[in-house]
Amino acid sequence: MDNFMNFLSKNKGAIIGIIVAIILLVLELDRLIIGIIFILLGMFIGNYVQRNKQTVKENLKKFIDKM
């Protein structure tokens, strides 16, 4: 019994993560989560481009010239 309790205390975060993932899959919330991730990613990219316009333009020109 000590070994089992030791295992639970060491891997508590992983076990909770597995349970949350199973619940999300059962409720089919994976589409919603992926959508939210894409929205947040778009926000961060847009903010970066807005703050670093000149650097982004130069890097984009270099990338296009290579192609």
Side-chain angles (χ1 to χ4, degrees):
M1 189 68 176
D2 260 351
N3 289 337
F4 182 68
M5 294 305 284
N6 208 6
F7 173 78
L8 286 179
S9 68
K10 284 184 180 178
N11 299 314
K12 192 183 318 182
I15 294 169
I16 292 172
I18 290 171
I19 293 170
V20 169
I22 290 171
I23 291 171
L24 291 176
L25 287 175
V26 168
L27 296 176
E28 297 181 3
L29 294 175
D30 53 344
R31 283 185 181 171
L32 176 66
I33 292 173
I34 291 172
I36 291 171
I37 289 172
F38 278 130
I39 289 171
L40 292 175
L41 187 63
M43 285 172 41
F44 285 120
I45 290 172
N47 189 27
Y48 176 79
V49 170
Q50 183 180 4
R51 292 179 186 263
N52 302 306
K53 287 180 185 175
Q54 195 61 32
T55 307
V56 172
K57 283 182 184 178
E58 290 172 6
N59 289 337
L60 195 57
K61 283 181 185 178
K62 289 179 188 176
F63 178 73
I64 291 173
D65 288 341
K66 287 182 182 178
M67 294 180 85

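Residues take their numbers from the sequence shown, with the count starting at 1. None of the values given here were measured: they were computed from a predicted structure.
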Cluster overlap L32 with I23, hydrophobic side-chain contacts below 4.5 Å: yes
Close side-chain approach of L8 and F4, heavy atoms under 4.5 Å: yes
Pairs touching residues 50-67 that satisfy side chain to side chain donor-acceptor pair (under 3.5 Å), sequence neighbours left out: N47-R51
Within one Ile-Leu-Val-Met-Phe-Trp-Tyr cluster: L25 and I37, side-chain cutoff 4.5 Å: no
Within-4.5 Å side-chain heavy-atom neighbours: I16 and K12: yes
I22: which of V20, I18, L24 passes side-chain contact (heavy atoms from CB on, under 4.5 Å): I18
Shared hydrophobic cluster for I36 and L27 (ILVMFWY, side-chain gaps under 4.5 Å): yes
ILVMFWY network linking I33 to L41, side-chain heavy atoms under 4.5 angstrom: no
Connected via hydrophobic side-chain network under 4.5 Å: M5 and I15: yes
Distance (rounded to the nearest 0.5 Å) between I34 CD1 and L29 CG: 11.0 Å
